[in-house]
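Worksheet: one structure, shown below.
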Amino acid sequence: MAHYRDRSSRVATALAPRTTTVIGALLLTGCATSLSPGPTPQATALPATALPASIPAQDLVGRWGLAAYHREEDRSRTEAAARGQCKQPYNISRGPGGGVIMHLPDQPQPTELSLKGGLDGKNYIGPGEEPAGGTRDREIVAFDGRVLITRFIDPEVSGRYGASIYVRCGAETVPSANKGGAKKASGKG
């Protein structure tokens, strides 16, 4: 047994410098990797600077007949149906923060939404704290002052609601729709 202990201690003594070297190298490797810069962390995407919409919020304020369609070939029929809804209009009012008061999908209470310009050149209506084109936004597909067509960005919501068509009720006019200004009287009387 003494022979076994002597041999063990000779092996341990012989391996000690190597073991120490290996352990030291491992420790230095660990330190080196923790001190090295390593891969650069991905920069978090900051929301793009909000662009103003080309449609002012006040142009959407008013009473609207509202209907929806899923197929483009149903658009003209749906526009006529929306016109018939003016007996019970959908009211879009001006919000205290400069936006418009409308409903978000599946929300019973209207909320203030902002008109936002997208980097893609499109206009959107949605929560002001979110960048243009977000999933809770609706894109303004068409607007001529009398007819407004929107489509929700979220594919699931858009699949349920389709494209919304708003037709302005009555003789309400849009301030910026009359771009040439009022015609002057001829002076003849």
Side-chain angles (χ1 to χ4, degrees), residues 47-186:
T49 305
L51 298 174
S54 62
I55 302 167
Q58 69 264 12
D59 286 7
L60 300 186
V61 172
R63 297 173 325 114
W64 299 86
L66 173 61
Y69 62 94
H70 287 277
R71 298 179 318 185
E72 191 60 35
E73 57 266 19
D74 295 335
R75 179 176 168 177
S76 60
R77 179 184 56 78
T78 307
E79 184 175 335
R83 208 172 274 111
Q85 292 297 314
C86 283
K87 296 172 196 129
Q88 296 178 318
Y90 181 83
N91 291 307
I92 299 176
S93 57
R94 190 72 189 257
V100 292
I101 304 294
M102 295 178 75
H103 289 84
L104 286 171
D106 306 322
Q107 298 296 318
Q109 293 298 322
T111 186
E112 182 167 6
L113 303 174
S114 296
L115 273 82
K116 306 178 271 189
L119 296 175
D120 54 6
K122 298 176 182 178
N123 290 298
Y124 298 91
I125 304 169
E129 66 276 1
E130 297 174 11
T135 57
R136 296 194 314 155
D137 283 357
R138 62 190 92 187
E139 175 191 349
I140 298 176
V141 177
F143 180 68
D144 66 4
R146 299 277 310 149
V147 176
L148 167 68
I149 300 174
T150 66
R151 181 173 296 118
F152 287 101
I153 298 299
D154 183 312
E156 190 272 328
V157 174
S158 182
R160 285 188 286 126
Y161 287 92
S164 299
I165 187 162
Y166 301 79
V167 176
R168 194 174 290 280
C169 297
E172 296 177 21
T173 59
V174 178
S176 65
N178 187 7
K179 293 186 189 259
K183 291 185 179 179
K184 292 184 180 181
S186 64

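Worth saying up front: this structure is predicted, and the values here are computed from it rather than measured.
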Hey, does [Y] have a side-chain heavy atom less than 4.5 Å from the side chain of [X]?
| X | Y | value |
| --- | --- | --- |
| Leu60 | Ile125 | yes |
| Asn123 | Leu115 | no |
| Pro127 | Leu104 | yes |

Quiz item: Counting distance only, does the side-chain N/O of Glu112 pair as donor-acceptor with the main-chain N or O of Gly97 below 3.5 Å?
Solution: yes
Self-check item: Residue pair Asp154 / Thr135, side-chain donor-acceptor N/O under 3.5 Å
Solution: no
Self-check item: Results of ring pair (Phe, Tyr, Trp, His ring centres under 6.0 Å) for Tyr124 - residues two or more places apart only
Solution: none
Self-check item: Listed partners of His103 passing ring pair (Phe, Tyr, Trp, His ring centres under 6.0 Å), at least two apart
Solution: Tyr90
Which heavy-atom pair separates [X] from [Y] by the least distance, and what is that distance?
| X | Y | value |
| --- | --- | --- |
| Val157 | Pro105 | CG1-CB, 3.6 Å |
| Gly65 | Cys86 | N-SG, 3.8 Å |
| Gly62 | Arg168 | CA-NH1, 4.2 Å |
| Gly117 | Ala132 | O-CB, 3.6 Å |
| Ala82 | Val167 | CB-CG2, 3.7 Å |

Practice problem: Return the set of residues passing salt bridge (charged side-chain N to carboxylate O under 4.0 Å, His left out) with Asp120 (not counting sequence neighbours), or none when no residue passes. | Solution: none
Quiz item: Got a sec, which residues hit salt bridge (charged side-chain N to carboxylate O under 4.0 Å, His left out) with Arg94, two or more places apart in sequence or on another chain?
Solution: none
Quiz item: Pairs in or reaching into residues 155-164: which pass side-chain hydrogen bond (donor to acceptor under 3.5 Å, both in side chains), with residues at least two apart or in two chains?
Solution: Asp106-Arg160, Asp106-Tyr161, Glu156-Arg160
Self-check item: Qualifying salt bridge (Lys or Arg N to Asp or Glu O under 4.0 Å) pairs, either residue in residues 64-73, two or more places apart
Solution: Arg71-Glu73, Arg71-Asp74, Glu72-Arg75
Kindly compute the distance separating [atom1] ([X]) from [atom2] ([Y]), expressed to the nearest 0.5 Å.
| X | Y | atom1 | atom2 | answer |
| --- | --- | --- | --- | --- |
| Asp144 | Ile149 | CG | CD1 | 8.5 Å |
| Ile101 | Asn91 | CD1 | CG | 12.0 Å |
| Ile153 | Glu130 | CD1 | CD | 11.5 Å |
| Ile165 | Gln85 | CD1 | CD | 12.5 Å |
| Arg146 | Cys169 | CZ | SG | 8.5 Å |
| Arg151 | Arg138 | CZ | CZ | 13.0 Å |

Quiz item: Under the salt bridge (Lys or Arg N to Asp or Glu O under 4.0 Å) criterion, do Arg136 and Glu129 qualify, and how do the steps go?
Solution: CA-CA 11 Å; Arg136 296 194 314 155; Glu129 66 276 1; 3.5 Å; yes
